[in-house]
Structure formats: C-alpha cells, structure tokens
Amino acid sequence: MTLTTKPVVHLLGMGAMGTILAMDMMNYTNSKVIPLLRSEEKVSLFKSEYNNTIGVKKLYLNDAPLVTQQLCIVECPTTFSGNHIDNIIITTKTYQTKEALMPYLPFIDSKSNLILIQNGLGILEVLKEQIFTDKTDRPNIFQGVISHGAFMDQGFTFNHAGWAGMKIARLPWEDSEMIQNEKLKNKDSKTNELVMLLTEPELAKAFGIEHMTYQELLAGQLFKFLINCCINPVTATVDAVNGELVDGCKDLFVLIVQEALEILRLEYKTLFDYENEYNGKPNYPTLKISSVLNTDNMMETIVNIGTVVNAKNSSSMRQDTLYLRDTEIDYINGYIVSLARKLNLPKEAAKVNETVIAFVNLRTGINRRRDMVGDMRNI
Ligand SMILES: NC(=O)C1=CN([C@@H]2O[C@H](COP(=O)(O)OP(=O)(O)OC[C@H]3O[C@@H](n4cnc5c(N)ncnc54)[C@H](OP(=O)(O)O)[C@@H]3O)[C@@H](O)[C@H]2O)C=CC1
Ligand SMILES: CC(C)(CO)C(=O)C(=O)O
C-alpha cells in the first residue's frame, strides 16, 4: 500500500546504518527525513562543512557509485522544533540509545512509531524498565534486524560495503504478546505509517526490507545474535580480521554457543516451543527453530558466515576497540550474562560468556593504554 501523505521521520543515529537507510528513504519515498544530531556544534558543522549533505558509496555495485542527498532540516536536543514525533528511527549503538532518546521523550507518545535498528539484544528491556514506564503512553515499537555492512568514509559519507537486507517486525511490549498472527502483521502493513513507509515497494526493494511477525524476526535475530556472540568479541580480543579465525575457532565457538543456547532456550521458551504449538495453525507462519538454533548447525553457520562469507571484514566490535570506542559487548555476550542473573541460574551458568566479556574489556584497555603511553612491544 502506498502512502498519500508526506510522512515525517526523525532519525536518531546518523552513522553508518542511519545514513544508508536515510539515503534510500530519500531516494525512493516522499518521506521527510530529519536527522537528530548530538549537539548544536554537530549541526553547525554538518551545515558549514558538509552543506547538510550525506553521501553513500555503494561498494557492492561495480562502479561503486557515490550517491548524495541534502537534508532540509537538521535538529539536535537544544534546537528541536518541539513538534510531535510521528516516526523515529534509532540507529545509534545500543549503549547510546537511552542517553540519545531522553531529550525527545516529551514529544513521543502512544501515537508515535519507534524502530530500533541495532545489533544485539536487551534494548527492549531498557525501553520497558527505564524509558517508557507509563504503559498508557508508550509508542508503537518495532525492531529492524539489519544485515547490510557499512563503515565511515569521511565526515557524513559512508561506504556501503555489503548489501544483505533488513527484517522488520512489531516488538511486543508484553511477553504475552510475543507470538503474533498474520492478521496483526497485515493490519500494520495497511495502517501503520512507519511500516507502510518502510515497505513502500521501491524502498523495500532497494534496501531489502521484509516485514514479518515478531516470532519470525526473533528467530532471525537469535541466529544473528549467536554469530555476533562468537565473531565480534573473538576478533576484537585477538585483533584479527574475520577470515583469520577460520582454522582454530571452533572449540571456543562451541563453548560460547552451547552456553548461550541453554540460556536463550529458557528465556525464549515460547519461541523454542513454537514448532509444536503453532506450526500448521491458520494465520501463523511455519518456523524452523530446533533444526536451526542448535549448536552443530550454528557452528557450521557461524564459521561460514563469520569467517568465509565475511572473511575480509573487520567486525564492528574489532573496529570499536581499534578506534578506542566503547563496544556493544553488554548487548551481545553481556545479554547472556544478564539473562542468567535474571533467571536466577547458578553462578557458573554464564561463565564462558563472562570470560569472553573480560577478554574484550582487556583488549579495549590494552589499546587505550598503548594510545596513551605507547606500545611497550616496540621498546
Ligand atoms: N556498521 C555496520 O556494518 C553494522 C552495524 N550494525 C548495528 O547497527 C547499529 C548502529 O551501528 P553503526 O551505524 O555502525 O554505528 P555508528 O557509530 O556508525 O553510528 C552511530 C551514530 O549514532 C550517533 N549518536 C550517538 N549518540 C548520539 C546522541 N546522543 N544523539 C545523537 N546521535 C548520537 C553517533 O553520532 P556521533 O558521531 O556524534 O557519536 C553516530 O553517528 C549498532 O547496533 C550496530 O551493531 C548492524 C549491522 C552492521
Ligand atoms: C556478521 C558480522 C560478524 C560481520 O563482521 C557482524 O555483524 C559485525 O561485524 O557486527
């Protein structure tokens, strides 16, 4: 269904993922995209140095074309218009979400649409328990699981390195709403402004956007989550490009995945029971869970996607440690540890993932120290 009005979309997180999505939204829809930058300093820099123009180099195309778009309105917390926020896309790093969102809460209500386009798990809990605590005034909330790959070229221009699509679904505010039937999904695709915008045929084709039920998205999200639990922290810790892990990674990955799956099976029991409860029922999609989310299958998949398909990639977490940035470890392996505590499991239940976190934080510390006082290996 195509929108007749001109939807206004605020974009919080004008980085790699935010920019490649904003670009295609501006190229293929009539939406008005308004970036919400961190500060007035950033807003004036964007205008004075970059003429409010974003760029994307599509490296996955033969001639790696550079596409640009100029934004009409750019805001930040102190210059925000004060208008109601109809639609907001969040593409900050997971650990930046709460701080970034706080200034805009007075303008978000039950009529607003909010989509999280981020790796990892655990942000929904932050939104529920720390941000949107008034159950009568919470926005419609959605999740995007994005598989594109992109990294900064310079300024507000990004390299779109890998084209791989994005899944979207309505997130359940309550655990009891986890399993959705197709009628709810179809209602959103016909009446929700943000879903209608993201599934506009030209944009959906250009960006590979697929709208589905939450259980379908969650199955894909856990799949990607387990890949991230292995590839991201290990490449960061040993400072290796993804493909360098291919020979000796399996023993460690088995330990990480076995432990994570045991805990995820408890937290997402409804999903892991789905095949027996819902497969074959009218208005419910058929899912494959047990044949996919098991250690043996995930091992094959992680080694293939992580170290073969993405062999030349430097994982986003290794990039964060190399650039001395905070990592998203708390929303990847850290989420497993937080679930073990929430479920009151024995102390050793998440020991492997706890150790992985400690190694990533050690790597971050070593890189920051070398930057400050020099690299002792060169003495
Ligand atoms: N990059 C990739 O290839 C992939 C990334 N992802 C996931 O997507 C999410 C986003 O990642 P990515 O795009 O790479 O991250 P980036 O670091 O490129 O972008 C994050 C953006 O958020 C902005 N930001 C942070 N805090 C605030 C704030 N308070 N107010 C306004 N803006 C703010 C940053 O601005 P500033 O520069 O001012 O800090 C930055 O532009 C992550 O969860 C990541 O794991 C998923 C798949 C692939
Ligand atoms: C798939 C993978 C592991 C590719 O590096 C990724 O998602 C990331 O780097 O964050």
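Counting starts at 1 for both ligands and their atoms, in listed order.
Closest protein heavy atom to atom 22 (O) of ligand 1: Gly13 CA, 3.3 Å. Closest to atom 11 (O) of ligand 1 among all protein heavy atoms lies Lys93 CE, 3.8 Å. The protein heavy-atom contact nearest to atom 1 (C) of ligand 2 is Asn310 ND2, 4.0 Å. The closest protein non-hydrogen atom to atom 28 (C) of ligand 1 is Ala100 CB, 3.5 Å. Scanning the protein heavy atoms around atom 14 (O) of ligand 1, the nearest turns out to be Ala16 CB, 3.8 Å. Nearest non-hydrogen protein atom to atom 20 (C) of ligand 1 is Thr91 O, 3.6 Å. The nearest heavy-atom contact from the protein to atom 4 (C) of ligand 2 is Asn313 ND2, 3.4 Å. Counting protein heavy atoms only, atom 19 (O) of ligand 1 is closest to Gly15 CA, 3.3 Å. Protein heavy atom in closest approach to atom 13 (O) of ligand 1: Met17 N, 2.9 Å. Looking from atom 43 (O) of ligand 1 to the surrounding protein, the closest heavy atom is Glu328 OE2, 2.8 Å.
Looking at Leu37 next to ligand 1, no N or O pair under 3.5 Å apart turns up. Between Lys224 and ligand 1, no N or O atom pair is found at a separation short of 3.5 Å. Polar contact with ligand 1: present for Asn119 (N/O pair, distance under 3.5 Å). Residue Ser316 has at least one nitrogen or oxygen atom sitting less than 3.5 Å from a nitrogen or oxygen atom of ligand 2, judged on distance alone. At under 3.5 Å, a nitrogen or oxygen of Asn242, whether backbone or side chain, sits near a nitrogen or oxygen of ligand 2.
Less than 4.0 angstrom separates some heavy atom of Asn119 from each of these atoms of ligand 2: 10 (O). Against a heavy-atom cut-off of under 4.0 Å, Ile231 is close to the following atoms of ligand 2: 3 (C). Shown in contact with Met14 at under 4.0 Å from a heavy atom are these atoms of ligand 1, numbered in order with element: 41 (O). Residue contact check: Lys224 has heavy atoms under 4.0 Å from atoms 7 (O) of ligand 2. Residue-ligand proximity, Asn228 to ligand 2, at heavy-atom distances under 4.0 Å covers atoms 3 (C), 6 (C), 7 (O), 8 (C), 10 (O). The distance from ligand 1 to the heavy atoms of Gly149 drops below 4.0 Å at these ligand atoms: 3 (O).
Put simply, Ile263 and Phe223 are part of the same group of oily side chains (I, L, V, M, F, W, Y) that touch within less than 4.5 Å, one to the next. Taking hydrophobic clusters as Ile, Leu, Val, Met, Phe, Trp and Tyr residues chained together by side-chain heavy-atom distances below 4.5 Å, Leu171 does not share a cluster with Val9.
For the pair Tyr95 (side chain) and Asp326 (backbone), a donor-acceptor distance under 3.5 Å is present. With hydrogens and angles disregarded, no donor-acceptor distance shorter than 3.5 Å links the side chain of Thr79 to the backbone of Glu75. Of the possible polar contacts, one joining the Gln215 side chain to the Gln180 backbone as a donor-acceptor pair under 3.5 Å is found. Remark: side-chain polar atoms of Glu216 are paired, donor with acceptor, to backbone N or O of Thr213 under 3.5 angstrom.
When Thr94, Leu45, Leu36 are checked for heavy-atom proximity to atom 31 (C) of ligand 1, Leu36 turns out nearest. Closest to atom 9 (C) of ligand 1 by heavy atom, among Asn159, Thr92, Ile332, is Thr92. Across the listed options Lys42, Arg38, Met102, Lys42 owns the non-hydrogen atom lying nearest to atom 37 (O) of ligand 1. Selection from Thr97, Ile146, Leu116, Ile123 by nearest heavy atom to atom 47 (C) of ligand 1 gives Ile146.
With a 4.0 Å heavy-atom cut-off, ligand 1 is reached by the side chain of Leu12 but not by its N, CA, C or O. The proximity of His148 to ligand 1, defined as any non-hydrogen pair under 4.0 Å, is limited to the backbone. At a heavy-atom cutoff of 4.0 Å, ligand 1 is contacted by the side chain of Gln96 but not by its backbone. Counting heavy atoms closer than 4.0 Å to ligand 2, residue Asn232 contributes side-chain atoms (C-beta onward) but none from N, CA, C or O. Contact annotation for Ala150 and ligand 1: only backbone heavy atoms (N, CA, C, O) come within less than 4.0 Å of the ligand.
Using a 4.0 Å cutoff on heavy atoms, Ser316 does not count as a contact of ligand 1.
Using the six-membered ring where Trp is involved, Tyr278 and Tyr274 have ring planes that are parallel, under 30° apart on the 30 and 60° scheme. Taking the six-membered ring where the residue is Trp, Phe107 and Phe80 present tilted rings, their angle falling between 30° and 60°.
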| request: Any chance you could lay out the ring pair (Phe, Tyr, Trp, His ring centres under 6.0 Å) test for His160 and Tyr60, step after step, and finish with the verdict? | output: CA-CA 7 Å; His160 190 169; Tyr60 57 89; 4.7 Å; yes
| Audit row: Asn87, Glu193, side-chain hydrogen bond (donor to acceptor under 3.5 Å, both in side chains) steps and yes/no | CA-CA 8 Å; Asn87 306 289; Glu193 185 177 68; 2.7 Å; yes
| Does the side-chain hydrogen bond (donor to acceptor under 3.5 Å, both in side chains) test come out yes or no for His211 and Asp188, once each step is laid out? | CA-CA 9 Å; His211 178 215; Asp188 278 337; 4.9 Å; no
| task | Step by step, work out the side-chain hydrogen bond (donor to acceptor under 3.5 Å, both in side chains) result for Asn232 and Ser316. | result | CA-CA 7 Å; Asn232 294 47; Ser316 53; 3.3 Å; yes
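With no hydrogens or angles considered, a side-chain donor-acceptor pair links Lys224 and Asn119 at under 3.5 Å.
Once rounded to the nearest 0.5 Å, the distance linking CZ of Arg170 with CG of Leu217 reads 13.5 Å. The OG1 atom of Thr295 sits 11.0 Å away from the CD atom of Glu259 when rounded to the nearest 0.5 Å. Annotation: the span from Leu324 atom CG to Arg368 atom CZ amounts to 6.5 Å, rounded to 0.5 Å.
Within a 6.0 Å sphere centred on CZ of Arg370, heavy atoms belonging to other residues, nucleotides or ligands number more than 12.
The two residues Leu11 and Gly13 make their nearest non-hydrogen contact at CD2-O, 3.5 Å.
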